[in-house]
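The figures here come from the full heavy-atom set of this structure, side chains too, leaving out hydrogens, waters and symmetry mates. Because the structure is predicted, anything quoted here is derived from the model rather than measured.
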Amino acid sequence: MSLLSVAGLSAFYGASQALFDVTLSVNEGQVVALLGRNGMGKTSTIKTICRMLPVAGGTVEFAGQDLTRLPPHQAAQLGLGLVPEGRRCFANLTVWENLVAAARPGHWDFDRVTGLFPQLAPRRDQRAVSLSGGEQQMLAIGRALMTNPKLLILDEATEGLAPLIRQEIWDAIARLKTETGMAILLVDKSLKELRQVADSAVILQRGATVWQGVMDDLTPDMTDRYIGV
């Protein structure tokens, strides 16, 4: 069953058009990779889905509801959980305060988040600004999980991290898929790791969908054409 359905999406930053014709879908329990070179509209697509960028054309439906005119907080309340590019933790709040700031009742609580990311437990009372980059990324994911979302959206969750920390993040994503069946939409450049967790992929070029299908059908020729440097 389709949880998120985006069709013919277009969007602007002022007079500059960023999205022209984005179409994608995420089914319940599915992990979908959103791919494309830098500047092709991946983050703009996520911002539009999460209602941080106005919809100029097309449709965005989530959990059977039209998101097109909803404000961001109402879209989040329907079950969109965003881990934004650049982490954006509340620097002067503690780990605990970051996690509970937008928490909603459900499966995910402090104990389950620290079960997924044990490094956060002993840092409960530390301010986010004092954490390492990897710990801040774990905190950003945990904060999104504490909203108990139906769809978790991760925008470059492993970017700029040390290899060992990146692997911990990928292991956590794999656990979310296998242990919770959570629907996930993720942007990342690591095709090797994406192939291990993603069921399908959508490729954007110049603000439009140019390919979508199962990961096994994503050939080297296509990755060179649309994703490679």
Side-chain angles (χ1 to χ4, degrees), residues 1-11 18-50 55 58-65 67 75 78-85 141 144-145 149-159 166-167 169-229:
M1 179 178 177
S2 180
L3 180 63
L4 172 70
S5 179
V6 176
L9 185 65
S10 62
L19 303 179
F20 294 83
D21 185 12
V22 174
T23 295
L24 64 89
S25 64
V26 182
N27 295 332
E28 293 181 0
Q30 186 181 32
V31 178
V32 176
L34 185 59
L35 305 174
R37 294 186 178 92
N38 289 341
M40 292 298 155
K42 303 184 298 295
T43 295
S44 295
T45 296
I46 288 173
K47 286 183 176 180
T48 308
I49 291 170
C50 294
V55 174
T59 59
V60 181
E61 294 185 356
F62 178 71
Q65 297 199 44
L67 297 188
L78 291 176
L80 288 174
L82 174 63
V83 181
E85 185 178 18
I141 295 172
L145 290 173
K150 296 175 182 175
L151 173 65
L152 180 66
I153 302 175
L154 299 126
D155 191 359
E156 301 284 9
T158 68
E159 185 176 28
R166 290 180 60 199
Q167 189 56 54
I169 300 295
W170 284 115
D171 290 345
I173 293 171
R175 284 184 60 188
L176 289 174
K177 177 180 179 178
T178 59
E179 296 177 11
T180 71
M182 179 178 291
I184 301 173
L185 176 64
L186 69 163
V187 173
D188 205 280
K189 298 180 179 69
S190 304
L191 277 175
K192 177 182 176 182
E193 287 80 5
L194 283 170
R195 288 185 183 278
Q196 295 174 9
V197 298
D199 302 300
S200 63
V202 177
I203 300 177
L204 301 186
Q205 187 175 44
R206 297 177 182 173
T209 298
V210 292
W211 184 87
Q212 54 185 323
V214 298
M215 287 297 293
D216 289 343
D217 290 341
L218 186 57
T219 65
D221 177 68
M222 294 169 64
T223 58
D224 288 343
R225 181 178 180 184
Y226 294 119
I227 303 170
V229 177

Problem set entry | Separation of Met182 CE from Gln30 CD (nearest 0.5 Å) | 15.0 Å

Exercise. Hey, are the side chains of Leu185 and Ile49 touching, using non-hydrogen atoms and a 4.5 Å cut-off?
Worked result: yes

Problem set entry | Point-to-point distance, once rounded to the nearest 0.5 Å, from CG of Leu19 to OG1 of Thr45 | 4.5 Å

Problem set entry | From CD (Gln196) to NZ (Lys177), nearest 0.5 Å | 10.5 Å

Exercise. Is a side-chain donor or acceptor of Thr209 paired with a backbone partner of Thr23 at a separation under 3.5 angstrom?
Worked result: yes

For this session: Apply side chain to side chain contact (heavy atoms under 4.5 Å, CB included) to Leu24 and Leu4, showing your working.
Result: CA-CA 8 Å; Leu24 64 89; Leu4 172 70; 3.9 Å; yes

Exercise. What pair of heavy atoms forms the shortest contact from Asp224 to Arg37, and how long is it?
Worked result: O-NH2, 3.1 Å

Exercise. Does Ser5 reach the main-chain N or O of Ser25 with its side chain, forming a donor-acceptor pair under 3.5 Å?
Worked result: no

Exercise. Looking just at side-chain N and O atoms, do Thr219 and Asp221 make a donor-acceptor pair shorter than 3.5 Å?
Worked result: no

Exercise. Side chains of Val32 and Ser200: does their closest heavy-atom pair fall under 4.5 Å?
Worked result: yes

Exercise. Does some side-chain heavy atom of Trp170 sit less than 4.5 Å from a side-chain heavy atom of Leu194?
Worked result: yes

Exercise. Between Asp199 and Asn27, is a side chain to side chain contact (heavy atoms under 4.5 Å, CB included) present by the stated rule, with each step listed?
Worked result: CA-CA 10 Å; Asp199 302 300; Asn27 295 332; over 6 Å; no

Exercise. Which atom pair, heavy atoms only, marks the closest approach of Ala18 to Ser44?
Worked result: CB-OG, 4.0 Å

For this session: Look up atom OG1 in Thr158 and atom CG in Asp188, then write down how far apart they are to the nearest 0.5 Å.
Result: 3.5 Å

For this session: With rounding to the nearest 0.5 Å, note down the distance linking CG in Leu154 to CD in Glu156.
Result: 10.5 Å

For this session: Give the minimum heavy-atom separation between Ala11 and Thr48, together with the two atoms involved.
Result: CB-OG1, 3.8 Å

Exercise. Step by step, would you call Ile153 with Leu80 a side chain to side chain contact (heavy atoms under 4.5 Å, CB included)?
Worked result: CA-CA 7 Å; Ile153 302 175; Leu80 288 174; 4.1 Å; yes

Exercise. Does Arg195 CZ have over 12 foreign heavy atoms under 6.0 Å away?
Worked result: yes

Exercise. Between Tyr226 and Met40, is any pair of side-chain heavy atoms under 4.5 Å apart?
Worked result: no

Seminar exercise, completed: Closest non-hydrogen atoms of Gly36 and Ile227, given as atom of the first, atom of the second and distance, are N-CG1, 4.4 Å

For this session: Taking all heavy atoms of Ala183 and all of Val26, pick out the closest pair and write down the distance.
Result: CB-CG1, 4.1 Å

For this session: Determine the minimum heavy-atom distance between Ala144 and Leu152, stating which atoms define it.
Result: CB-CD1, 3.7 Å

Exercise. Are side-chain heavy atoms of Trp211 and Leu35 found at a separation under 4.5 Å?
Worked result: no

For this session: Check step by step if side chain to side chain contact (heavy atoms under 4.5 Å, CB included) holds for Asn38 and Lys189.
Result: CA-CA 10 Å; Asn38 289 341; Lys189 298 180 179 69; 3.3 Å; yes

Problem set entry | Lys42 side chain to Leu34 backbone, donor-acceptor under 3.5 Å | no

Exercise. In Å, rounded to the nearest 0.5 Å, how long is the span from CD1 of Ile203 to CE of Met222?
Worked result: 5.0 Å

Exercise. So, do Leu218 and Leu191 sit near enough that their side-chain heavy atoms are less than 4.5 Å apart?
Worked result: yes

